[in-house]
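To start, the structure under review is shown below, and the notes come after it.
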Amino acid sequence: MKRKWWKEAVVYQIYPRSFADSNGDGIGDLQGIISKLDYIKSIGADVIWLSPIYKSPNDDCGYDISDYRDIMNEFGNMADFDDLLAGAHKRSIKLIMDLVINHTSDEHQWFIESRSSKDNEKRDYYIWRVGKDGKKPPDMATSFSPSIWELDENTKEYYLHLFSKKQVDLNWKNPKVKEEIFDMVKWWLDKGVDGFRMDAFTKISKNDRFLEGIVSSSEKESGILNITNQTGVHDILRQLNQEVLSKYDVMTVGEVFEKITVEEAADYIADQREELNMIFNFELAFLGMSMEEYRKKPWKVVDYKNTVGKWQLGLQGKGWNSLFLGNHDLPRHISQYGNDSTYRVESAKMFAAMLFTLQGTPYIYQGEEIGMTNVKFDSIEDYRDIVSHNLYKRNLQKLNEKEALKITHSGSRDNARTPMQWNDSINAGFTSGNPWIKVNPNYKEINVETAEKNPDSILNFYRKLIKLRKENLVMIYGEYIPILTEHEKIFSYIRRLEGDSILVILNFSEQNTLFSLPDSIKVKNEKLLISNYNVNNGKGLEKLDLKPFEARVYKI
Ligand code: TEU
Ligand code: CA
């Protein structure tokens with residue numbers, strides 16, 4: 001397997017609005033991030049992924065960009081950005097940007113011009129349509145909006161928006177759009193950024209038959225899936241790679257929110273395709289939650305293991321995985337799949353042991369390294385996320401307020417967006433002002449300062465795991481070999497690289513569970529590399545009595 005820096009890196013995702021506020025206006029900002037660079041470095045992260053910091057009216061927290069070459073007012077200005085980039089590079093941290101190019105804000109200059117008249121030269125930068133008899137073209141509801149078309153009163157045509165009506169889809173069939181975006185990407189690369197996380201990129205090329213309403217009923221049922229993953233996406237990515245990205249030493253990771261097969265994924269990331277380095281696939285994230293409704297659903301440990309295994313084995317030798325437990329669109333992983341009360345620390349460490357011992361590039365989402373959990377706000381008014389509000393409204397058609405709020409509690413994207421918990425002072429040390437979204441009340445116990453003081457904290461466990469990963473190439477490049485695949489509580493696998501092997505044992509349950517090595521595997525001199533409990537080494541691996549959420553990693 002070819003060695004690459006981005007395969008060996010650990011990425012730390014920052015959601016700038018909720019990370020650190022430097023000036024007391026209640027909103028995280030670039031100077032706040034700069035003040036925490038040493039902390040990020042201390043975890044062992046090599047790359048920062050910044051969620052969008054561009055100019056934006058904030059309909060969707062910065063994922064609605066009104067100027068790609070400027071910084072959101074609340075976050076600072078371009079000089080602050082230059083300081084941040086220099087500060088990161090000084091510490092040998094690379095910085096990747098979020099690239100939101102499926103849509104722009106309706107307040108982007110291009111759209112202001114586009115909507116001004118039907119013959120404006122920027123009219124075709126976006127997708128304008130009228131259905132039969134002047135009505136709406138074929139429509140559907142999304143979690144962002146009851147419709148994907150919005151009528152523009154001025155020109156009496158509808159524009160397409162797959163997200164909110166303030167996030168207008170660009171028309172990638174127009175070569176000028178492509179040229180403008182490629183130029184912009186080049187502009188940031190020339191500034192020195194180290195790559196991109198590509199937002200919702202599978203939606204950039206639309207299915208014309210869908211747009212014209214010529215779809216069969218089975219196609220109609222697959223809804224948004226039918227609009228996306230069109231071959232045009234590959235053409236655009238390849239061109240972007242060949243003409244722009246390949247001229248720099250950068251990394252790319254594309255977000256594929258909808259269902260995708262391993263084969264389709266490989267088509268985006270296999271070396272010879274010259275498209276992307278990695279994709280995020282959400283199959284694991286949506287095992288225990290419905291993607292459409294953001295609502296919890298039952299899941300099984302065996303399915304969790306099989307899902308991980310499917311991607312580990314499926315991409316082995318074909319492409320490189322990205323590994324993540326959470327991000328700004330998902331509830332906190334330990335609240336969803338672990339235990340965020342009695343076994344919060346144990347389960348957070350167990351999932352970390354998995355994250356850093358699989359093949360792929362691990363991504364940490366801010367706060368995960370201290371075991372931050374979901375939040376339960378008393379009122380829907382306390383939620384800020386546009387999707388959470390839409391789904392709540394939709395749920396109210398069938399449920400009462402209490403039931404609807406319960407779904408918000410478990411599934412809301414705001415679970416991940418509450419302010420980073422730095423210490424036990426007011427507002428968790430995030431801001432001296434009034435935070436834009438409430439702090440999780442558990443900050444007195446769960447915060448960075450407390451974690452720093454405790455050698456056994458989740459934070460220090462992350463540090464140890466990352467150090468181990470850097471010292472043992474087998475953890476990065478080793479072949480993945482699952483064992484005990486039918487076991488209902490234990491997730492276990494071997495990683496092997498030339499003469500080196502490690503054995504990972506994870507007890508996914510809240511009960512003590514017996515582990516015994518399958519007969520086919522003989523281990524002589526095992527050495528415990530790390531565990532989330534105090535265990536005595538040297539007793540052999542034939543029978544282990546694992547405690548709740550116990551994780552052990554052995555060199556074998
Ligand atoms: O996410 C893409 C996406 O499809 C999800 O946002 C999903 O649709 C949504 O969470 C609820 O169903 C990216 C960003 O990560 C997300 O934060 C943005 O809201 C979205 O794109 C639009 O830019
Ligand atoms: Ca601020």
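First listed ligand is number 1; within each ligand, the first listed atom is number 1. What you see below is based on every heavy atom in this structure, not just the backbone, and it leaves out hydrogens, waters and symmetry mates. Just so it is clear, the structure is predicted and the values come from calculations on it, not from any experiment.
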In terms of residue, atom name and distance, what is the protein heavy atom nearest to [atom]?
| atom | answer |
| --- | --- |
| atom 1 (O) of ligand 1 | Glu255 OE2, 2.8 Å |
| atom 8 (O) of ligand 1 | Phe144 CE1, 3.5 Å |
| atom 14 (C) of ligand 1 | Asp199 OD1, 2.9 Å |
| atom 20 (C) of ligand 1 | Phe163 CE2, 3.7 Å |
| atom 19 (O) of ligand 1 | Asp60 OD2, 2.5 Å |
| atom 6 (O) of ligand 1 | Arg413 NH1, 3.2 Å |
| atom 12 (O) of ligand 1 | Ser143 OG, 2.8 Å |

Which ligand 1 atoms are under 4.0 Å away from a heavy-atom of [X]?
| X | value |
| --- | --- |
| Arg417 | 17 (O) |
| Asp329 | 1 (O), 6 (O), 13 (C), 14 (C), 15 (O), 16 (C), 17 (O) |
| Tyr294 | 9 (C), 10 (O), 11 (C), 12 (O) |
| His328 | 14 (C), 15 (O), 16 (C), 17 (O) |
| Gln167 | 22 (C), 23 (O) |
| His103 | 22 (C), 23 (O) |

Return yes if a side-chain donor-acceptor contact under 3.5 Å exists between Ser379 and Asp382, otherwise no.
no
Give a yes-or-no answer on whether the side chains of Gln359 and Asn321 include a donor-acceptor pair shorter than 3.5 Å.
no
Judged by non-hydrogen atoms, does Arg197 sit under 4.0 Å from ligand 1?
yes
Sub-4.0 Å heavy-atom approach of Met198 to ligand 1:
no
Please compare Tyr63, Phe257, Tyr15, Phe201 and report which has the shortest non-hydrogen distance to atom 3 (C) of ligand 1.
Phe257
Metal-centred angle, the Ca ion (ligand 2) as apex - OD2 of Asp29, OD1 of Asp25, 10° resolution:
170°
Please verify the inter-ring angle class for Trp299 with Tyr304; under 30° counts as parallel, over 60° as perpendicular, anything in between as tilted.
tilted
In terms of relative ring orientation, are Trp436 and Tyr15 parallel, tilted or perpendicular, with 30° and 60° separating the classes?
tilted
Begin with the C-alpha distance, continue with both residues' side-chain angles, and end with the deciding distance and a verdict on salt bridge (charged side-chain N to carboxylate O under 4.0 Å, His left out) for Lys55 and Asp70.
CA-CA 6 Å; Lys55 188 141 286 181; Asp70 204 350; 3.2 Å; yes
Evaluation steps, salt bridge (charged side-chain N to carboxylate O under 4.0 Å, His left out), between Arg197 and Asp98
CA-CA 5 Å; Arg197 174 264 187 190; Asp98 220 304; 2.8 Å; yes
So does [X] pair up with [Y], basic N to acidic O under 4.0 Å?
| X | Y | result |
| --- | --- | --- |
| Asp38 | Lys36 | no |
| Arg384 | Asp414 | no |
| Glu283 | Lys310 | yes |

Exactly one of Tyr125, Trp149, Phe111, Trp110 should register a ring pair (Phe, Tyr, Trp, His ring centres under 6.0 Å) with Tyr159. Which one does?
Phe111
Any N/O/S atom of [X] sitting less than 3.0 Å from the Ca ion (ligand 2), backbone or side chain?
| X | result |
| --- | --- |
| Asp21 | yes |
| Ser22 | no |
| Ile27 | yes |

Pick from Leu237, Asp235, Val233: which one makes a side-chain contact (heavy atoms from CB on, under 4.5 Å) with Glu275?
Leu237
Go through the steps for Asp46 and Lys41 under the test salt bridge (charged side-chain N to carboxylate O under 4.0 Å, His left out), then give the verdict.
CA-CA 7 Å; Asp46 313 279; Lys41 181 73 189 171; 5.5 Å; no
